Amino acid sequence: MVIFFIGTMMNYNFNEIEAKWQKYWADNQTFKAENDSEKEKFYVLDMFPYPSGAGLHVGHPLGYIASDIYARYKRHKGFNVLHPQGYDSFGLPAEQYAIQTGQHPAITTAANIKTYRRQLDQLGFSFDWSREVRTSDPSYYKWTQWIFIQLFNSWYNKETDKAEDIKSLIAHFEKEGNAKVDAVCDEDVVEFTAEDWDSFSDSKKQEVLLKYRLTYLAESEVNWCPALGTVLANDEIVNGVSERGGHPVIRKKMTQWSMRITAYAQRLLDGLQKIDWPQPLKDSQTNWIGRSEGASVTFNVIPTERSDEEPHQIEVFTTRPDTIFGVSFMTLAPEHELVSKITTPEQKDEVEAYIEATAKRSERDRMADVKAITGAFTGAFAEHPFTKEPLPIWIGDYVLAGYGTGAVMSVPCGDQRDYDYAEHFNIPIPNIFEGVDISKEAFADKEKTVIANSDFLNGLPYKKAVKRAIFELEKLGQGKGKVNFRLRDAVFSRQRYWGEPFPVYYDGNGMPQMIEEQYLPITLPEVEKYLPTETGEPPLGNATEWAWDLNKSEVVNNERIDYKHVFPLELNTMPGWAGSSQYFNRYMDPHNDEEIFSQEAINYWQDVDLYIGGSEHATGHLLYSRFWQKFMFDKGLVPKDEFAKKLINQGMITGTSAFVYKLSLMWALTSRHSDNRKYLEELSQKFPDIFHSSELYEKTFSDGLTLNDLAAKFEFPKLLKFLSEIDENKVNISQFTFGEIKLHSDVSLVNASDELDIEGFKKWRPEYGDAEFITEEDGSFKVSREVEKMSKSKYNVVNPDAICEEYGADSLRLYEMFLGPLEQSKPWNTAGITGAHSFLKKMWRLYHTGPNETFYVSDNAPSNDNLKTLHKTIKKVEEDIENFSFNTSVSTFMICVNELSAQKCSSKEILEPLAILVSPYAPHIAEELWEKMGHSESIATAPFPKFEEKYLVESSKEYPISFNGKMRFTMELPLDMSKENIEAAVLAHEKTQQQLQGRTPKKVIVVPGKIVNIVG
RNA sequence: GCUCGAGUGGCGGAACUGGUAGACGCGCUGGAUUCAAAAUCCAGUUCCUUUGGAGUGUGGGUUCGAUUCCCACCUCGAGUACCA
């Protein structure tokens, strides 16, 4: 029973205070940001969440708390702060739930968003909710569709190195064909003249243009995930299986929308230089883009005698043109288009069998045994560009169709894979390196390379040889210097329901047409079923109202499709990253129905100053967003070609799982026992549930304790009964030993000392309701702890709702920051929150030193100690926030409050600035105290206290005196004392003499204000 | 394999450009208060053979002085992978 005493209401009643201020902020729109202001702007952004059905756990808000602290700090510093929040609300889970239950994803999503909002609100974030966006909202995805259209209507001009309107390309074509156009385009474009262009049909023109557009429809090999019924982007595949669900992925040819992100490869790489993002993230983008410099080399295939075929050429990319004389064969990917054309009749069977075998192997198999060397000889030969020697052409699956040209010039002496292949198939391995033994392995050290046996390259080191080789190849017209990227164009179609529909219909020729911008958004149609259709079409194939009427400019019933003015609409939807690639700009002007955002808004807010979110988006969202931003920059829509100046990856908060141990029966498998195996298993099934405290096993059971001993020691009735029922004719009781079964316990049943609430455990797990618990000597039952990822199945998920209820949002915010450095992953342990919570209580008490702990703040002048404590806190906290070292400022607050309490400080001159300092971290208590100190306005924009050095000036210093670098004692000396006097004073000290034990010091180092070190 | 990042008490973690290693908090131990518990307060808490000594993953190096800089190695984590 809890008894409340009236009259002690001055206690820190966090629940009441927090509710009060959350309501105040909402009612007063305290954090609403204006698009015009005299103040300097500052844009603090969080990666918006996908609203999952599970709600938030304590790990999720970590980044939000950090960004909120920074946003609040910047407001105190006088900035106009934009700190919005929204939802990335299209996605797979809602759709799969819909497939299972028939519940419309929009309904599930809305419900989840409601939960998220409640959970976010209770943490006291200073979001400007008036700017909320949801990617699944038609008023938002209208603009996602709009950008798609802009991309469709653009091409990439390499000459100007930017995206341009497709009209300028058409103008080129009309004037001079495509010969002089330097564009990023499909590889299979054929040259045509202005006259050719003029003679093309409309449909043919469209077909040609599609090869140049920044978003284009192409039959491409995609990652198809049969289990999910959709294609996946490369970054959605992890270890050969789908990131979501872990389903197998196969390669499949499909007609899909793609984004020509490769056009931006170099700029995406260069842009990394000027943004302040974590190095590991930049590294992984750099890797993903995968720039490599080298040369493309053309090898002529030697025609066979009887061939009437046209001469073939093999183009390869190599980073080592310097090793051109080391080529002893060519290898093509099995999928290479030339394979079927050049294979000789004698080799046909072997080659086809090999191709079939490799096609069957999944990505995963292929990755699993990379060591197996397989391949086949095509029977054809290519001619070496310089020596004119014939080079056998092989195929092998170590050459990837998707990288470079899908063909390599094999230099076994310089590349280990070529070496292994050559060795396996008995192909010669000529050595072209000076003074290197290649009898065991290939030699790939560029730095130490000196070329030999290579005609004009002899004696040259790597770099010079590369240059010379390219020069000679160019002279021959059989090669040139080339930069190759690993980055592929991004597949943009998904066979899903819950995503943005494309603003696209198909004309009678099957050519895609854009719907005019003024008719956007094209809203997602209703469907009966969320599964693919029986004919294998995407879910939108189930829609009956999904045709575009060109006359009426509206979506109409499919029955009216006539390919004259009513056309079928695109059935795919956009991928998850579509909506998240532009949301940060939309926040600047989220309700604008005329434009994606006004020029005034974008010119005021410019770009994101601080972006906080997880590192898992390194090669997905963060790369695609940079791509779209650069595109929008080219179009003159945004003033910056990088959208976020600074980015921080918050670390993951892991869980601290709790384990209980249950005894199990074990036996040695003697021959007698193996006969009675069944009976033994029966016994172990029947063995009563006995749990033991975590440390007892080693002490008690592992050490040969028998079943009889156990029964005698504890006299558990069920155990005694079990024993009495054992048929000793079948088994020998003395041969039983004990094992232990480790089970997760819910972490909420465990206290700070790792003691389990046994009754709670029994209630939680009714099947163990009558289990026995062997406790420690003091009667406690201890669990063991392990750090694991937070997950439902591990019963280590901690819900912020419960924490807020028990300790308050301010405690939670402080504690999450206090756990450790923001960017580091660290385990959650609820026990520790009492430290943060009692700090807040202590701070509350500092302002409540009146009679009966009533509020009391005086106008008394502060003491020097008060001022010193305050100003060193200001200094440290300011530095910490600027450095995102939030954990250390929490300890600074603790020290500050401890000191001021000891000093019995009640001076308003100290306590007012202290409230502001704490306010970014624990805003509710700060507002409450601020109000009590007589302010009628929110603390949110109160100016940050100004640090003044003069309060920290000291006249003396406690010098550490060290001997050979080891500190042995300290000595208080005036700070203005000269080096000589310090040395003299230290040497005169009795402890110095003691340390030296009669030796004369060789040297005395005096660093004034720091340290004294005596050597000797 | 390659590329990053990290190794400090029982635990989370502090330590500015090299200058008193272990701040702050949890936990633990003892005490005060209480009929008792919770809460609160006070003291202690790296280790050891304790008038002293050792100690920041291991081994070297630079330095008057190294958790910090350099080299090699070990362990863990993240990303990536037949990339020509």
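Note that the structure is predicted; figures quoted are calculated from it, not measured.
For the pair Glu441(A) CD and rC82(B) C1', the interatomic distance rounds to 17 Å; values are reported in whole Å. Distance, Phe839(A) CZ to rG25(B) C1': 12 Å, rounded to whole Å. For Phe14(A) and rA39(B), the CZ to C1' distance is 13 Å, given to the nearest whole Å. Atom P of nucleotide rG25(B) and atom NE2 of His837(A) are separated by 16 Å, given to the nearest angstrom. Between the CG atom of Asp445(A) and the P atom of rC2(B) there is a distance of 13 Å, rounded to whole Å. When the P atom of rG79(B) is taken as reference, atom CG of Leu623(A) falls 17 Å away, rounded to whole Å. Taking atom CG on Asn751(A) and atom P on rA38(B), their separation rounds to 11 Å, with Å as the unit. Whole-Å rounding puts the Asn484(A) CG to rC83(B) P distance at 13 Å.
Among residue pairs with one or both ends in residues 313-329 of chain A, those qualifying as salt bridge (Lys or Arg N to Asp or Glu O under 4.0 Å) are Arg320(A)-Asp322(A); sequence neighbours excluded. Among residues at least two apart or in separate chains, salt bridge (Lys or Arg N to Asp or Glu O under 4.0 Å) pairs with a member in residues 277-293 of chain A are Arg291(A)-Glu293(A).
The listed nucleotides are rA84(B), rC64(B), rG19(B); the one nearest the side chain of Lys1010(A) is rG19(B). Comparing rC64(B), rC24(B), rG19(B) against the side chain of Ser891(A) picks out rC24(B) as the nearest. For Met967(A), whose side chain is taken as the heavy atoms from C-beta onward, the closest listed nucleotide among rA23(B), rU20(B), rA84(B) is rU20(B). Distances from the side chain of Tyr403(A) to the nucleotides rA84(B), rG19(B), rU20(B) place rA84(B) closest. Closest to the side chain of Arg417(A), out of rU20(B), rA54(B), rC82(B), is rC82(B). Proximity note for Ile895(A) (side chain, C-beta onward) versus rU80(B), rC82(B), rA23(B): the nearest is rA23(B). Relative to the side chain of Leu400(A), the nucleotides rC26(B), rC83(B), rG19(B) differ in distance, and rC83(B) lies closest. Listed nucleotides: rC24(B), rG53(B), rA21(B). Nearest to the side chain of Arg968(A): rG53(B).
The side chain of Arg488(A) contributes no N or O atom lying less than 4.0 Å from OP1 or OP2 of rC83(B). Residue Lys841(A) places none of its side-chain N or O atoms closer than 4.0 Å to OP1 or OP2 of rA39(B). Here Arg486(A) reaches the OP1 or OP2 of rA81(B): one of its side-chain N or O atoms lies under 4.0 Å away. For Arg845(A) and rC41(B), the shortest distance from a side-chain N or O to OP1 or OP2 is below 4.0 Å.
Listed by chain and number, the residues in a salt bridge (Lys or Arg N to Asp or Glu O under 4.0 Å) with Glu878(A) are Lys77(A) (sequence neighbours excluded). With sequence neighbours excluded, the residues satisfying ring pair (Phe, Tyr, Trp, His ring centres under 6.0 Å) with Phe325(A) are His384(A), Phe386(A), Phe456(A). Among residues two or more places apart in sequence or in another chain, the side-chain contact (heavy atoms from CB on, under 4.5 Å) test is passed with Glu786(A) by Phe659(A), Lys742(A). Every ring pair (Phe, Tyr, Trp, His ring centres under 6.0 Å) that His837(A) has, sequence neighbours left out, goes to Phe14(A), Tyr807(A). Take Phe425(A) and apply the ring pair (Phe, Tyr, Trp, His ring centres under 6.0 Å) test, not counting sequence neighbours, and it matches Trp394(A), Tyr421(A). Residues meeting the ring pair (Phe, Tyr, Trp, His ring centres under 6.0 Å) test with Tyr403(A), sequence neighbours left out: none. Residues satisfying the side-chain contact (heavy atoms from CB on, under 4.5 Å) test with Pro1001(A), not counting sequence neighbours, are Leu987(A), Leu996(A), Val1004(A), Ile1014(A).
Contact record, Ile429(A) with Ala422(A): CG1-CB, 3.9 Å, taken as the closest heavy-atom pair.
Contact annotation: the side chain of Ile648(A) never approaches that of Pro278(A) to less than 4.5 Å [non-hydrogen atoms, C-beta and beyond].
The same atom, C1', is picked in rG60(B) and in rC11(B); the two are 32 Å apart, to the nearest Å. Between rA15(B) and rU67(B), the two C1' atoms lie 8 Å apart (nearest whole Å). For the C1' atom pair drawn from rU62(B) and rC71(B), the interatomic distance equals 11 Å after rounding to whole Å. Taking atom P on both rG65(B) and rG77(B), the two are 37 Å apart, rounded to the nearest angstrom. Only the C1' atoms considered, rA6(B) is 29 Å distant from rC83(B), to the nearest whole Å. Between the C1' atoms of rG13(B) and rC82(B), the separation comes to 43 Å (whole Å). Spacing of C1' atoms, rU8(B) relative to rU56(B), comes out at 4 Å, to the nearest Å. Between rA66(B) and rC48(B), the distance separating the two P atoms is 25 Å to the nearest Å.
Checking side-chain atoms of Ser962(A) against main-chain N and O of Val1012(A) turns up a donor-acceptor pair under 3.5 Å.
Stem regions for RNA chain B, each three or more consecutive Watson-Crick or G-U pairs with both distances under 3.5 Å and listed by first number, read B:1-7 with B:74-80, B:10-12 with B:24-26, B:27-32 with B:40-45, B:46-48 with B:52-54, B:57-61 with B:69-73.
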In 5'-to-3' order, the base (B), backbone-only (S) or no-contact (-) status of each nucleotide in nucleotides 3-13 of chain B, using a 4.0 angstrom heavy-atom cut-off, is -S-------BS
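Within 4.0 Å of Thr331(A), counting heavy atoms only, lies no atom of the nucleic acid at all. Counting any heavy atom pair closer than 4.0 Å across all strands shown, Thr834(A) reaches sugar-phosphate atoms only and no base atom. Among the heavy atoms of the strands lying under 4.0 Å from Lys842(A) are primed sugar atoms or P, OP1, OP2 only; no base atom is included.
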Exercise for the section: Kindly indicate, with the supporting measurements, whether the criterion side chain to side chain donor-acceptor pair (under 3.5 Å) is fulfilled by Thr298(A) and Gln313(A). Expected result: CA-CA 6 Å; Thr298(A) 310; Gln313(A) 293 185 322; 5.5 Å; no
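Comparing Gly835(A) and Gly965(A) by the nucleotide of RNA chain B that holds the closest heavy atom to each, the one mapping nearer the 5' end is Gly835(A). Mapping Thr970(A) and Ala836(A) onto RNA chain B via the closest heavy atom, the residue that lands nearer the 5' end is Thr970(A).
Side chain to side chain, Ser292(A) and Asn484(A) fail the donor-acceptor criterion of an N or O pair below 3.5 Å.
For rG57(B), the O4'-C1' to base torsion is more than 90° from 0; the nucleotide is therefore anti.
Contacts with RNA chain B (heavy atom under 4.0 Å) in residues 871-886 of chain A: none are found.
For the salt bridge (Lys or Arg N to Asp or Glu O under 4.0 Å) with Lys868(A), the lone residue among Glu949(A), Glu899(A), Glu954(A) that qualifies is Glu954(A).
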